Colleague: 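Structure below; questions to follow.
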There are 2 protein chains.
Amino acid sequence: MARAVPDTHGEILAAAARQFTVTGYRGTSLQDIAREVGCSKATVLYHFANKEALLAELMAPAIGVLRDLDDRLTGLTGTAAQEVAAEGFVDLAVRFRREIAVLRGEFPELLCQPAFAHIQQISDRLRDALAGHSDRPGARIAALVLLAGISEACGEFADITDDDLRSALLTLVRRAVEPVDAALPQQPTTEDKDS
Amino acid sequence: MARAVPDTHGEILAAAARQFTVTGYRGTSLQDIAREVGCSKATVLYHFANKEALLAELMAPAIGVLRDLDDRLTGLTGTAAQEVAAEGFVDLAVRFRREIAVLRGEFPELLCQPAFAHIQQISDRLRDALAGHSDRPGARIAALVLLAGISEACGEFADITDDDLRSALLTLVRRAVEPVDAALPQQPTTEDKDS
DNA sequence: TCAGACCCTGACCGATCGGTCAGACTGAGG
DNA sequence: CCTCAGTCTGACCGATCGGTCAGGGTCTGA
């Protein structure tokens, strides 16, 4: 059979994805990646301008989907925004479990890099949408906890199929999100003083 | 006035806490800490055997409380376990917002260090308790999302008082956790197929 | 006055990091 | 045959990391 063209570029990308999910971006050296691929560190830097470019190419698809979701959210408010945000983010988190796991806690530093310039604003808008654009602390807190928790947790359930994980998460979010409509007031919690 | 005894040890600890929460454990060098304190790096290593020992002393109180919670959970099952786990963890997360933020995503590596040997097992037990010791995927997923989300999110709400944050989180957890007892069935959500 | 504990430091160490560079190898085209 | 572009590499760079070490100040108690 014809010797397959050695797709070194793709192999490096795949190896980087694996390593990043295990030891994080900063915790993975170019040497580590080169070792797994079976090439030299210089080869990695021949195919990618620098370490950041490698990460950027790895995250590009996920970021594209995140941008699409952001577009779909513009103009929506209240329950409609919550539902779109919930479905959209759950789907994104499940599909890109691995990519999201890469950012494990390295968000603050990574977001400073130009390739990820607008992520912070997008995820802020996403959180607002999930909170139904309410400024009640309970709504904001619930939204952030859910987004952060889903991001963090998705990578842990490698044994669960995408469909199962998606439906379980969506059920959870719908149950957990603070309803924005005052139309259905729930029982007041222990104390509700607006000082 | 009498010159106050310079509590270098405490100053280093405080500076480390500040820096760790901003740039993470690995992202903070001993040099950074020394610079903030206004001493040499060698001084930092005079007061603490090594970087890990500095982190360990910083986390000790939080770990103690976590251990206590773990003790209180032994023997509990079902709803009782869920309630104790929820209250205990929310309280812990709020009180030690800063300490928890330090571990921002560096859990996997840090847990390998001897000082944090049993944390993983404790948090596994905590998750099981919050899931009511159910092995249903939905329950496990909800528990993990909530624990991870609360850990991640707590540090973000510096503008909210402990009490407000605690009650908001507790309300969220009670709303979001998957009820374990079939005894009190709530209205079935959109779809409830047990495949 | 002196010894010793305590506190602190500059200089230094080996390791590792991301990144550069000149050059070797290879295969296709003229 | 030669050329040339594409691919890859070992050697090397400066920076930074955590950590060591010998020694200098300072205070206290005998």
Side-chain angles (χ1 to χ4, degrees), chain A residues 1-17 19-20 22-59 102-106 109-110 112-116, chain B residues 1-20 22-59 102-106 109-116:
Chain A
M1 61 179 77
R3 184 96 165 72
V5 176
D7 176 23
T8 311
H9 190 93
E11 281 181 35
I12 292 172
L13 215 51
Q19 301 252 7
F20 284 165
V22 175
T23 46
Y25 175 71
R26 214 171 9 184
T28 302
S29 70
L30 295 176
Q31 193 68 258
D32 293 333
I33 297 169
R35 194 179 303 120
E36 180 171 331
V37 174
C39 68
S40 73
K41 188 180 66 171
T43 299
V44 174
L45 287 162
Y46 167 76
H47 286 279
F48 299 89
N50 47 41
K51 195 183 180 186
E52 181 190 336
L54 180 49
L55 177 65
E57 189 165 324
L58 211 55
M59 304 297 293
V102 168
L103 302 176
R104 198 206 306 281
E106 312 194 43
E109 294 81 7
L110 290 180
C112 300
Q113 302 187 355
F116 309 107
Chain B
M1 63 180 77
R3 183 97 164 73
V5 176
D7 177 23
T8 312
H9 189 94
E11 282 180 34
I12 293 172
L13 215 51
R18 278 188 294 271
Q19 301 251 9
F20 285 165
V22 175
T23 45
Y25 174 71
R26 214 171 8 184
T28 302
S29 71
L30 296 176
Q31 193 69 259
D32 293 333
I33 297 169
R35 194 180 302 120
E36 180 171 329
V37 173
C39 68
S40 72
K41 188 181 70 172
T43 299
V44 174
L45 287 162
Y46 168 77
H47 285 278
F48 299 89
N50 48 41
K51 196 183 178 186
E52 181 190 335
L54 179 49
L55 176 66
E57 189 166 325
L58 211 56
M59 305 296 293
V102 167
L103 302 177
R104 197 205 309 281
E106 312 195 43
E109 294 82 7
L110 289 180
L111 288 180
C112 300
Q113 301 186 356
F116 308 107

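Here is the naming used below: chain letters follow the sequence lines, and residue numbers restart at 1 for every chain. This is a predicted model, so every value here is computed, not measured.
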Colleague: Please determine whether a side-chain nitrogen or oxygen atom of A:His47 lies at a distance below 4.0 Å from atom OP1 or OP2 of D:dC8.
Modeller: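 Checking D:dC8 against A:His47, a side-chain N or O does come within under 4.0 Å of OP1 or OP2.
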Colleague: Is there a side-chain polar atom (N or O) of A:Ser40 under 4.0 Å from OP1 or OP2 of D:dT9?
Modeller: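 Answer yes for this pair, as a side-chain N or O of A:Ser40 is under 4.0 Å from OP1 or OP2.
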Colleague: Can you check the A:Lys51 NZ to C:dT20 C1' distance for me, whole Å?
Modeller: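 Spelled out: NZ on A:Lys51 to C1' on C:dT20 is 17 Å.
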Colleague: For A:Lys41 and C:dC21, give me the distance from atom NZ to atom P, rounded to whole Å.
Modeller: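 From A:Lys41 NZ to C:dC21 P: 14 Å.
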Colleague: Distance only, no hydrogens: is a donor on one side chain within 3.5 Å (strictly under) of an acceptor on the other, for B:His9 and B:Glu57?
Modeller: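 Yes, B:Glu57 and B:His9 have a side-chain donor paired with an acceptor closer than 3.5 Å.
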Colleague: In whole angstroms, how far is the P atom of D:dT9 from the CD1 atom of A:Ile12?
Modeller: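 Those two atoms, CD1 and P, are 9 Å apart.
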Colleague: Give me the atom names and distance for the closest heavy-atom approach of A:Gly27 to B:Arg26.
Modeller: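 So the two residues come closest at CA-NH1, 3.4 Å.
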Colleague: If I take atom CG in residue A:Asp7 and atom C1' in nucleotide D:dT7, what distance separates them, rounded to the nearest angstrom?
Modeller: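 Between C1' of D:dT7 and CG of A:Asp7: 13 Å.
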Colleague: Can you measure B:Phe48 atom CZ to D:dT20 atom C1' for me and round it to whole angstrom units?
Modeller: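 Rounded to whole Å, this separation is 18 Å.
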Colleague: Check each residue of residues 27-39 of chain B for a non-hydrogen atom within less than 4.0 Å of any atom in DNA chain D, then write out the ones that pass by number, or none.
Modeller: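 Output list: B:Thr28, B:Ser29, B:Leu30.
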Colleague: Nearest nucleotide by nearest heavy atom, which residue falls closer to the 5' end of DNA chain C, A:Leu45 or B:Tyr46?
Modeller: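 Looking at the nearest nucleotide for each, B:Tyr46 comes out on the 5' side.
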Colleague: Could you state the atom-to-atom distance from OH of B:Tyr25 to P of D:dC17 in whole Å?
Modeller: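 Atom-to-atom, B:Tyr25 to D:dC17, this comes out as 13 Å.
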Colleague: Search all heavy atoms of B:Thr28 against all heavy atoms of B:Lys51 and return the closest pair with its distance.
Modeller: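 Scanning both residues, the minimum pair turns out to be O-NZ, 2.8 Å.
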Colleague: Over all heavy atoms of both residues, which pair between B:Leu58 and B:Ala17 is shortest? Give the atoms and the distance, please.
Modeller: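 In this case the closest contact between B:Leu58 and B:Ala17 is CD2-CA, 3.7 Å.
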Colleague: Does a nitrogen or oxygen in the side chain of B:Thr8 sit under 4.0 Å from OP1 or OP2 of C:dC8?
Modeller: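 It does, given that an N or O in the side chain of B:Thr8 lies less than 4.0 Å from OP1 or OP2 of C:dC8.
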Colleague: For A:Tyr46, check ring-ring contact (aromatic ring centres under 6.0 Å, His included) against everything at least two apart and list the hits.
Modeller: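 Here no residue qualifies.
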Colleague: Please report the closest heavy-atom contact between A:Asn50 and A:Leu45, naming both atoms and the distance.
Modeller: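 The pair with the smallest heavy-atom distance is CA-CD2, 3.9 Å.
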Colleague: So B:Phe48 and B:Leu30, side-chain contact (heavy atoms from CB on, under 4.5 Å) or not? Walk me through it.
Modeller: CA-CA 11 Å; B:Phe48 299 89; B:Leu30 296 176; over 6 Å; no
Colleague: Round to a whole Å and report the spacing from CZ of A:Phe20 to P of C:dG18.
Modeller: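 To the nearest whole Å, that distance equals 9 Å.
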Colleague: Name the closest nucleotide to the A:Ala42 side chain, picking from C:dC8, D:dT9, D:dC21.
Modeller: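 Nearest to the side chain of A:Ala42 among the choices is D:dT9.
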